[in-house]
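Below is one structure, written out as structure tokens, with a few remarks after it.
Being a predicted model, the structure only gives us computed values, none of them experimental. Values reported hereafter were calculated over all heavy atoms of this structure, with side chains retained and with hydrogens, waters and symmetry mates removed. In each ligand, atom 1 is the first atom listed, and ligand 1 is the first ligand listed.
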Amino acid sequence: MQSSAQDAGTPYVLQMFSVSKTFGGVRALDDVSFEVREGEVHCLAGENGCGKSTLIKIVTGVYTPEPSADIKCFGQSIRSMSPKQSRAMGIAVIWQDLALFPHMSVAENIAFDQMVGNLPRFVRVGSRLDQVKSILDRLGVQLDLDAPLNTLPIAQRQIVAIARALMGDARLIFMDEPNASLTQSETDHLLEIVRNLSAQGVAVVFVSHRLAEVLEISSRVTVLRDGKMVGVFPTEGMTQARLTELMTGASLQQTVAARDRSAAKPVLAVENLTRHGEFENISFTIRAGEILGLTGLIGSGRTELAHSLIGMTKPDQGAIYLQGRQIKPQSIRQAIDLGIAYVSEDRLSLGLIQPQSISDNSSISVLKSLLNQIGLLSPDKQGQMVRHWINELSIKIGDPDDAVSTLSGGNQQRVVLAKWLATEPQLLILDSPTVGVDVGARAGIFRIIRHLAENGLAILLISDEVTEVLFNSDRILHMNGGRIVNEYDPRQTSVDALEVQIYA
Ligand SMILES: Nc1ncnc2c1ncn2[C@@H]1O[C@H](COP(=O)(O)OP(=O)(O)OP(=O)(O)O)[C@@H](O)[C@H]1O
Ligand SMILES: [Mg+2]
């Protein structure tokens, strides 16, 4: 859907010219311009590390740009901006980690800034609650206001973060990969909310690596490449292929890569695996060198199944065989020792320890094999292994001792992959491995995955992106309501046919 806010007469809420920012030796932004009109949904697109989040952090006063910058917010020239000033002007950001308080209630989270701001004054709790309710009405959602935030699924927490922004009368909201941890149907709901906001005159700057959605939700897209401005484009008439080309500077072709691996030796065999309430009677085999795609909607039981395979939960019935031997992993540790690696869907909570260094994050699963004869961690060995995987996966980093949190999303995902590959697994389970990863880097990650399969690794690829499983799997299983309902040969189906099957 296109917003009409791109009409030339609509006033600007934000205008930025000649914005540059350098970190150490990295030119994160180089003479970038960016303009947003009232009520517009504007996407910021570009590969991992091209400077999107940095631009947002400049508008919101987290970083100071170089002095060349000329910035106007709501028509007012800005000399310097602090996060507090930026909020006071009506600018809000929904960060990927949402920055909410897990132990406070929904209502307290939404009204947090008001509560803090008003502490010395008398706070009329009743009227504040009414305001929270009217904002949720405005968003068209219902939430239990007294529920502690940490009892809510991630999609609802996101709504809480948006509601909090609206409580502060935000007129310009930045959403930096807001749907990276959302499923397709949750994302659809979020997009609906964004459309509502836009219709009410709130401008939304949306960052997402899912290009179909970028084209669907926004009226204009600003493309960055390596910190430089490529241009501003209307999304009407734009295709994913063209946008990819603008972002990467090269055209990218996707083709079905499936091969028949039915003659290879089974690596994983699952027989009638059941965990009541999660999945029932699951049976399948993955052979050496095979990439088995597993797709289905939210609640289909995909991730729950993966959790049982890696020992996070215990199945009620059925059996798991690895290389012909029955296994009953009781913990992730045991699963790793048996040769199973798991790249989780949520790199922020399960995958990486953000404040720790890239080097420590990559080697955390294999610390044991890095111990030297007297049982101490050998820095030489660690450095060697980390360098090996950084090269192998082309991870773009400054110094391995920098914190993982300084890396761009796609590069963080590669660190997760490095961490697991270093365990030398026989079975690699990838749960939504390209969440938050740009198209170019996705292609890179899938080249790596294909290469690993060619060397005999068995791979289970879980994803709700139909194109991802279609182009990268040898076979596809479709899960629904905790059961496997269908199997497809990627060579004999298409994106459209699969979408009908899965979303119908
Ligand atoms: N605080 C920092 N210290 C050092 N380098 C940084 C810092 N913040 C960002 N960078 C670097 O600046 C560049 C731009 O990063 P930025 O986070 O803006 O990318 P992005 O476009 O948001 O990428 P992604 O799509 O992966 O989120 C990257 O090379 C990144 O490593
Ligand atoms: Mg970013």
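Judged as a ring pair (Phe, Tyr, Trp, His ring centres under 6.0 Å), not a single pair has a partner in residues 188-240 (not counting sequence neighbours). Screening residues 18-43 for ring pair (Phe, Tyr, Trp, His ring centres under 6.0 Å) gives Phe23-Tyr63, Phe34-His42 as the qualifying pairs, with residues at least two apart or on separate chains.
A salt bridge is defined here as a Lys NZ or Arg NE, NH1 or NH2 lying under 4.0 Å from an Asp or Glu carboxylate O, and Arg442 with Glu468 meets this definition. Under 4.0 Å is where a charged nitrogen must lie from a carboxylate oxygen, and between Asp176 and Lys57 no such pair does. With respect to the salt-bridge test (charged N to carboxylate O, under 4.0 angstrom), the residues Arg220 and Glu40 qualify. Of the charged side-chain nitrogens involved, none lies within less than 4.0 Å of a carboxylate oxygen, so that Asp188 and Arg210 do not count as a salt-bridged pair.
For Lys57, the heavy-atom gap to ligand 1 stays at 4.0 angstrom or more.
Residue contacts with ligand 1: Gly49 is placed with a nitrogen or oxygen under 3.5 Å of a nitrogen or oxygen of the ligand (distance criterion only). For a threshold of 3.5 Å applied to N or O pairs, the pair formed by Cys50 and ligand 1 contains at least one separation below that value.
Contacts between Val26 and ligand 1 below 4.0 angstrom, taking non-hydrogen atoms only, involve the side chain exclusively.
The atoms of ligand 1 that sit less than 4.0 Å from any heavy atom of Ser53 are 17 (O), 18 (O), 20 (P), 22 (O). Taking every heavy atom of Tyr63 and a limit of under 4.0 angstrom, the matching atoms of ligand 1 come to 1 (N), 8 (N). Under a 4.0 Å criterion applied to the non-hydrogen atoms of His209, ligand 1 contributes the atoms 25 (O). Taking every non-hydrogen atom of Gly51 and a distance limit under 4.0 Å, the qualifying atoms of ligand 1 come out as 14 (C), 18 (O), 19 (O), 20 (P), 21 (O).
Using a 3.5 Å distance cut-off with no hydrogens or angles, the side chains of Glu38 and Thr10 do not pair a donor with an acceptor.
Coordination check, Ser53 versus the Mg ion (ligand 2): passed, since an N/O/S atom of the residue sits under 2.8 Å.
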